[in-house]
S.K.: 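Handing you a structure now.
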Amino acid sequence: MGEPILQVRHLSKAFGSNLVLKDIDFDVEKGDVISIIGASGSGKSTLLRCINLLETPSSGEILYHGENVLASGVKAPAYRAHVGMVFQSFNLFNNMTVLENCMVGQIKVLKRDREQARQHAMEYLEKVGMAPYIKAKPRQISGGQKQRVAIARAMAMDPEVLLFDEPTSALDPEMVGEVLNVMQALAESGMTMLVVTHEMAFARDVSSHVVYMNQGVICEQGSPEELFAHPQRQETRDFLSRFRKG
Amino acid sequence: MNEASDLFSDILYLLDRFGGSYLSGVRNTLILALTATFIGCLIGFLCGVLQTIPCAKTDNPVKRFFLALLRVVIRAYVEIFRGTPMVLQAVFIYYGLPYITGGQVKFNNVWVAALLVVSINTGAYMAESVRGGIISIDPGQTEGAKAIGMTHVQTMTNVILPQAFRNIIPQIGNNFIINIKDTSVMFIISFTEFFAAHRAAVGATYRYFPSAVIEMVGYLCMTLVASFLLRWLERRMDGADNYELVADDQLVMAAGTYNHPDKGTPFDERSKEYREQVKQELNFGRTRGDR
Ligand SMILES: Nc1ncnc2c1ncn2[C@@H]1O[C@H](COP(=O)(O)OP(=O)(O)O)[C@@H](O)[C@H]1O
Ligand SMILES: [Mg+2]
């Protein structure tokens, strides 16, 4: 048993009268690679956004090393620095170069000095294969390259958990591979990851745990073998078979 | 032809006799317009930033009350100063303040009054531009910044305002050009800018048209230079259209053998084995936890 980094307890979220997440419970332990799959509109993004407090949950608890981050007095920015996020739409800072994107958080939030931040940023930019592009602005590189930079930016903050919200959904098909490669290497290096994805091959082959969400609840979860080879629930089977057809 | 040469000699005469006062008029106009535009931008940024402080229903009531009050005050300021002529604002402030304070507040220096009026006026216009500039930035930029742990202030100063500033340079330019021209109404409080030089010259010589030609050409020159400088600033802020690839070995790149930036990385499409090998080697320096 590892020590849980995050524990989500009875988490619910409503937008007005629309109950989007209902009583969600799960743990994230060090080294876990959890894939969250499910039809669009089932609340996957909302769950990730609640976990790093981009949305305020309506009720429930999120425990980070046992401490409830929803309690008043907890500084959301300080907590978010430990929980990285990679977005579907990249969200790189348009006014900065690739290198500056990976440095600014280290300098402003972690208070590292410039040289240290630069070296650390370069380390990750090399790992994602973007070192040659450090002088480019986001508008000058392709979608796949942007997403690789976004991953390096998140990693440069040395987060404990990295959240991915459909990181390859906005990419042209030929660029999906390069981003998945980077994510796979990250997973293999022991990074703790929570990945919302429609890439079933990634969920099956890379993750240690798969969660199937349906209409705001966790419908079924388990190891990739359990979930893909022997789904227990009819909803899961229907979802997976729809995916196999195309 | 005769008229043209008459005009020409009149202009020369005016320049000879009043050249100094035209020039100092140009100088005063430029200093006033430039300083007031600058201060106006600061006011505008302040108002724009204050107006866009996020305010959730879950925040405490005191904070929400002050934010609401702030928005009302800024709204009133913008509407009043955008909705009345600057010439009246000048009279109102220059003569009005001493009047209602019984001489307690008065302007010993007409510069102070002129700067105050033009700055506040520009600020009212800029407040709207800045607010628009801020809310037009993709919300993804804010989320990206929040996700790496930036506070609201850090997000504003590092990510949102630089982009908003770039987007509103055209409006700043507009305001600067309008200020160059519209400071001419400051004659009402006896501020001696460029147009005041015209009034002085025609008062003494009655050569209305030749002096007007000088004024037209003078104002046009000032605004053209301003436009040119602003375009330059815009281009500078956008940076180069191209970026240089940074290679370890500059010579190799120059020799043209290095033709793909992904070469030698796991993303090099041409070498599947190499990709596999590097993928194995890729190690982010963490050991996988047990479960
Ligand atoms: N900011 C919001 N305001 C209102 N409704 C929202 C908001 N964000 C998401 N929703 C609703 O929540 C539901 C789940 O959305 P989402 O979490 O994006 O699903 P998924 O990521 O699984 O596709 C949808 O019905 C969507 O309309
Ligand atoms: Mg989504």
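Every chain is numbered from 1 and lettered A, B, ... according to where its sequence line falls, protein lines coming before strand lines.
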S.K.: Return the minimal non-hydrogen interatomic distance between A:Met157 and B:Ile148, and the atom names on each side.
M.R.: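 Nearest heavy atoms, A:Met157 then B:Ile148: CE-O, 3.2 Å.
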S.K.: Would you say that more than 12 heavy atoms from the other residues, nucleotides or ligands in this model lie under 6.0 Å from the CZ of A:Phe15, or not?
M.R.: yes
S.K.: Is A:Leu92 in contact with chain B via its backbone, its side chain, both, or neither, using a 4.5 Å heavy-atom distance?
M.R.: backbone
S.K.: Looking at chain B, which one of A:Val104, A:Ile134, A:Leu163, A:Asn94 has the largest number of heavy-atom pairs inside 4.5 Å, strictly under?
M.R.: A:Asn94
S.K.: If you take all heavy atoms of B:Met237 and A:Lys137, which pair is closest and at what distance?
M.R.: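 What the structure gives for the nearest pair is O-NZ, 4.4 Å.
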S.K.: Nearest 0.5 Å please: distance from the CD atom of B:Gln141 over to the CG atom of A:Asn95.
M.R.: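 One gets 7.0 Å once the value is rounded to the nearest 0.5 Å.
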S.K.: Between B:Pro162, B:Ala145, B:Gly144, B:Pro139, which shows the greatest number of heavy-atom pairs under 4.5 Å with chain A?
M.R.: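 The option with the most such pairs is B:Gly144.
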S.K.: Under 4.5 Å, counting heavy-atom pairs only, tell me which of A:Gly144, A:Gly105, A:Ala136, A:Ala154 racks up the most with chain B.
M.R.: A:Ala136
S.K.: Less than 4.5 Å to any heavy atom of chain B: does that hold for the side chain of A:Val86, its backbone, both, or neither?
M.R.: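 Contact with chain B is absent: no heavy atom of A:Val86 under 4.5 Å.
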S.K.: For B:Arg231, does the CZ atom sit with more than 12 other heavy atoms under 6.0 Å from it, leaving out its own atoms?
M.R.: no
S.K.: Counting only heavy atoms closer than 4.5 Å, note whether A:Ala131 contacts chain B via side chain, backbone, both or neither.
M.R.: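 For A:Ala131, the contact with chain B is made by the backbone alone.
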S.K.: Heavy-atom distance under 4.5 Å to chain B: side chain of A:Lys75, backbone, both or neither?
M.R.: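 When you check distances to chain B, no heavy atom of A:Lys75 falls under 4.5 Å.
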S.K.: In terms of heavy-atom proximity below 4.5 Å to chain B, should A:Asn52 be classed as side chain, backbone, both, or neither?
M.R.: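 The side chain, not the backbone.
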S.K.: Of the listed residues (A:Arg139, A:Met85, A:Arg49), which shares the most heavy-atom pairs with chain B below a 4.5 Å separation?
M.R.: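 Counting heavy-atom pairs under 4.5 Å, the top option is A:Arg49.
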S.K.: Set out, in order, the CA-CA distance, both residues' side-chain angles and the distance that settles side chain to side chain contact (heavy atoms under 4.5 Å, CB included) for A:Leu53 and B:Lys146, then state yes or no.
M.R.: CA-CA 9 Å; A:Leu53 303 185; B:Lys146 278 183 170 178; over 6 Å; no
S.K.: Can you tell me which portion of A:Phe87 sits under 4.5 Å from chain B's heavy atoms? Options are side chain, backbone, both or neither.
M.R.: side chain
S.K.: How far does CD of B:Glu143 sit from CG of A:Asp165, to the nearest 0.5 angstrom?
M.R.: 10.0 Å
S.K.: Does CD belonging to B:Glu234 count more than 12 external heavy atoms closer than 6.0 Å?
M.R.: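 Yes, because the 6.0 Å sphere around CD of B:Glu234 holds more than 12 heavy atoms from other groups.
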